[in-house]
Amino acid sequence: MKPEDFDFVAQMLKTRSGLVLTKDKSYLLESRLMPVARKRGFKGLEDLVAQLRRRDEALAGDVTEAMTTNESFFFRDMKPFEQFRDVVLPNLIKTRATKKSFRVWCAAASSGQEPYSLAIILKEAAARLQGWRTEIVGTDISREILQKARAGLYSQFEVQRGLPIQLMVKYFKKKDDQWEIDPALRAMVQYKEWNLLHDLKALGQFDVIFCRNVLIYFDQPTKSMVLDNMSKLLADDGVLYLGGAETVLGISDKFKPIPGQRGVYAVNKPGAAANAPSLGVAG
């Protein structure tokens, strides 16, 4: 791909999705866009970029989708899910006892493994949540990947990645050469097409936000903007989960790390619970 074509596509992707592509990622751009070029009947990437320059919105959407579809797997890294199950969920049951409801948001939900992992945790805690209204919202910029998430159909390889065998047997059934998630679990997650660069207020308030392995694709100003906007949606005693390679330090003053809880952050604003003491950690 010509340098000027790479620069054009990279700038378009940053504007549309926040994704930052450096020159050393040209191989990734080419490998992901060739299938788009073939599908559209272009001879090669030069023709595809030429059409993009004509402001073909449908093609720009296809290119953005191809570049922002990232892999996911059940109970990824495990520790955050154990922390949610053993620390955050009991805290929610205690602090939300009066209204008996809470909301969880999975930003960049991809093909659904993260929100369904959380749904499994809530299902396993059904006895303690009897009479409660729980809501899991999964958002992603990719319409195609959300269709897969809503279908709840996974390959043998996908269900084997991170999903304990006992949970696979309990919550999935074989359907031809794929595994289908239990309809009751599928009904626990609401999926919405959403761009993190756009206004987030319409999503409403949340008690827990999972935004793991998303910020690593953004530059510093975009990370700061997204975190600042998320802070406005999170309850004062809510928690934010980031990926292992991500942090708020030096990026946003709207969140602060919770001592002793790696990758988990509390809202940092006047009146908010300092360092989320309700999680039972020293502040």
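Position 1 is the first residue of the sequence, and the numbers go up from there. Note that these values count all heavy atoms, side chains included, but never hydrogens, waters or copies made by symmetry. Just so we're clear, the structure is a prediction, and the values are computed from it rather than from any experiment.
For the pair Arg53 and Phe8, the distance from NZ or CZ to the six-membered ring centre is under 6.0 Å and the angle to the ring normal is within 45 degrees. Relative to the six-membered ring of Tyr191, Arg150 misses at least one condition, a distance below 6.0 Å or an angle of at most 45° to the axis.
Between Tyr171 and the options Gln166, Glu180, Glu124, Lys123, a side chain to side chain donor-acceptor pair (under 3.5 Å) holds for only Glu124. Of the candidates Gln190, Gln205, Glu135, Arg103 forms a side chain to side chain donor-acceptor pair (under 3.5 Å) with just one, namely Glu135.
Counting heavy atoms from C-beta outward, Lys174 and Trp179 have side chains that approach closer than 4.5 Å. Two residues are said to be in side-chain contact when any heavy atoms from C-beta on lie closer than 4.5 Å; Val104 and Asp207 fail this criterion. Pro164 has its side chain within reach of Leu167: a pair of non-hydrogen atoms, C-beta onward, lies under 4.5 Å apart. Counting heavy atoms from C-beta on, the side chains of Thr134 and Phe102 come closer than 4.5 Å. Side-chain contact check for Ile93 versus Trp132: some heavy-atom pair is nearer than 4.5 Å. Val87 has its side chain out of reach of Pro90: every pair of non-hydrogen atoms, C-beta onward, lies at least 4.5 Å apart. Within the 4.5 Å cutoff, side-chain heavy atoms of Ile251 are placed close to those of Gln220. Using a 4.5 Å heavy-atom threshold, the side chains of Leu122 and Met188 count as touching.
Each of Tyr217 and Val20 belongs to its own hydrophobic cluster when Ile, Leu, Val, Met, Phe, Trp and Tyr are linked at side-chain heavy-atom distances under 4.5 angstrom. Under the 4.5 Å side-chain heavy-atom criterion for grouping Ile, Leu, Val, Met, Phe, Trp and Tyr, Phe73 is not connected to Leu163 through any hydrophobic cluster. In the hydrophobic cluster analysis, where Ile, Leu, Val, Met, Phe, Trp and Tyr join through side-chain heavy atoms closer than 4.5 angstrom, Ile165 is grouped together with Ile120. The hydrophobic cluster containing Val36 also contains Leu19, counting ILVMFWY residues as joined when their side-chain heavy atoms lie under 4.5 angstrom apart, directly or transitively. A continuous path of hydrophobic side-chain contacts links Met230 to Leu197 [ILVMFWY only; heavy atoms under 4.5 Å].
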Problem set entry | Residues Arg96, Asp237; criterion salt bridge (Lys or Arg N to Asp or Glu O under 4.0 Å); working and verdict | CA-CA 11 Å; Arg96 278 30 173 198; Asp237 62 344; 2.6 Å; yes

Exercise. Going through the checks in order, is the salt bridge (Lys or Arg N to Asp or Glu O under 4.0 Å) test met by Asp77 and Arg212?
Worked result: CA-CA 10 Å; Asp77 303 326; Arg212 303 184 64 239; 2.7 Å; yes

Problem set entry | Verdict with reasoning, Leu52 to Leu48, per side chain to side chain contact (heavy atoms under 4.5 Å, CB included) | CA-CA 6 Å; Leu52 281 176; Leu48 180 146; 3.7 Å; yes

Problem set entry | Intermediate values then yes/no, side chain to side chain contact (heavy atoms under 4.5 Å, CB included), Val239 and Phe255 | CA-CA 9 Å; Val239 293; Phe255 291 97; over 6 Å; no

For this session: Carefully, step by step, assess Leu227 and Lys254 under the rule side chain to side chain contact (heavy atoms under 4.5 Å, CB included).
Result: CA-CA 7 Å; Leu227 286 169; Lys254 298 296 192 291; 5.9 Å; no

For this session: Walk me through it: do Glu114 and Cys106 pass the test side chain to side chain contact (heavy atoms under 4.5 Å, CB included)?
Result: CA-CA 7 Å; Glu114 181 178 83; Cys106 292; 3.4 Å; yes

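The aromatic rings of Phe210 and Phe84 lie perpendicular to each other, with more than 60° between the two planes, well past the 30° mark.
A 6.0 Å sphere centred on CD of Gln130 holds no more than 12 heavy atoms belonging to other residues, nucleotides or ligands. Within 6.0 Å of the NZ atom in Lys192, the count of heavy atoms belonging to other residues, nucleotides or ligands exceeds 12. The neighbour count for Gln156 CD, taken as heavy atoms of other residues, nucleotides or ligands under 6.0 Å away, is above 12. For NZ of Lys43, the number of neighbouring non-hydrogen atoms (other residues, nucleotides, ligands) closer than 6.0 Å is 12 at most. Around the CD atom of Glu193, the shell of radius 6.0 Å holds more than 12 heavy atoms that belong to other residues, nucleotides or ligands. Counting heavy-atom neighbours within 6.0 Å of Lys2 NZ, excluding the residue itself, gives a total of 12 or less. Counting heavy atoms of neighbouring residues, nucleotides and ligands inside a 6.0 Å radius, atom NZ of Lys148 exceeds 12 of them.
Asp199 places a side-chain N or O within donor-acceptor distance of the main-chain N or O of Lys201, the cut-off being under 3.5 Å. With hydrogens and angles disregarded, a donor-acceptor distance shorter than 3.5 Å links the side chain of Asp56 to the backbone of Ala58. Side-chain N or O atoms of Tyr116 include one that pairs as donor or acceptor with a backbone N or O of Ala149 at under 3.5 Å. In this structure, Glu246 contributes its side chain and Leu215 its backbone to a donor-acceptor pair below 3.5 Å. Judged purely by atom type and a 3.5 angstrom limit, Ser72 has no side-chain atom pairing as donor or acceptor with the backbone of Ser110.
Put simply, CG on Asp236 and CG on Asn268 are 11.0 Å apart, with the number rounded to the nearest 0.5 Å. For the atom pair OG of Ser231 and CG of Asp253, the computed distance is 8.5 Å after rounding to the nearest 0.5 Å. Once rounded to the nearest 0.5 Å, the distance linking CG of Asn195 with OG of Ser142 reads 11.5 Å. Note that the CG atom of Asp140 and the CH2 atom of Trp194 stand 13.5 Å from one another [nearest 0.5 Å]. Interatomic distance, CE of Met34 versus CG of Leu29, reported as 11.5 Å (0.5 Å rounding). Rounding to the nearest 0.5 angstrom, the gap separating the CZ atom in Arg40 from the CG atom in Leu33 is 12.0 Å.
Of all non-hydrogen atoms in Arg16 and Ala60, the two that sit nearest each other are NH1-CB, 3.6 Å. For the pair Val159 and Met168, the tightest heavy-atom approach, listed with the atom from each and the gap, is CG2-SD, 3.6 Å. Residues Ala107 and Leu196 share a closest heavy-atom pair of CB-CD2, 4.1 Å. Taking every heavy atom of both residues into account, Ile216 and Ala245 meet most closely at CG2-O, 4.2 Å. Smallest separation of non-hydrogen atoms from Leu242 and Cys211: CD2-O, 3.4 Å. Ala108 approaches Val214 most closely through the heavy-atom pair CB-CG2, 3.4 Å.
Arg54 and Gln51 share a side-chain donor-acceptor pair at under 3.5 Å. Side-chain atoms of Gln11 and Thr15 form a donor-acceptor pair, as typed in the model, at a separation below 3.5 Å. At a cut-off of 3.5 Å, with distance as the only test, a side-chain donor of Thr139 or Trp105 sits close to an acceptor on the other residue. Inspection of the Ser111 and Gln113 side chains reveals an N or O donor paired with an N or O acceptor under 3.5 Å.
With ring centers used as reference points, Phe172 lies under 6.0 Å from Phe74.
A salt bridge is absent between Asp182 and Lys170: the closest approach of a Lys/Arg side-chain nitrogen to an acidic carboxylate oxygen does not fall below 4.0 angstrom.
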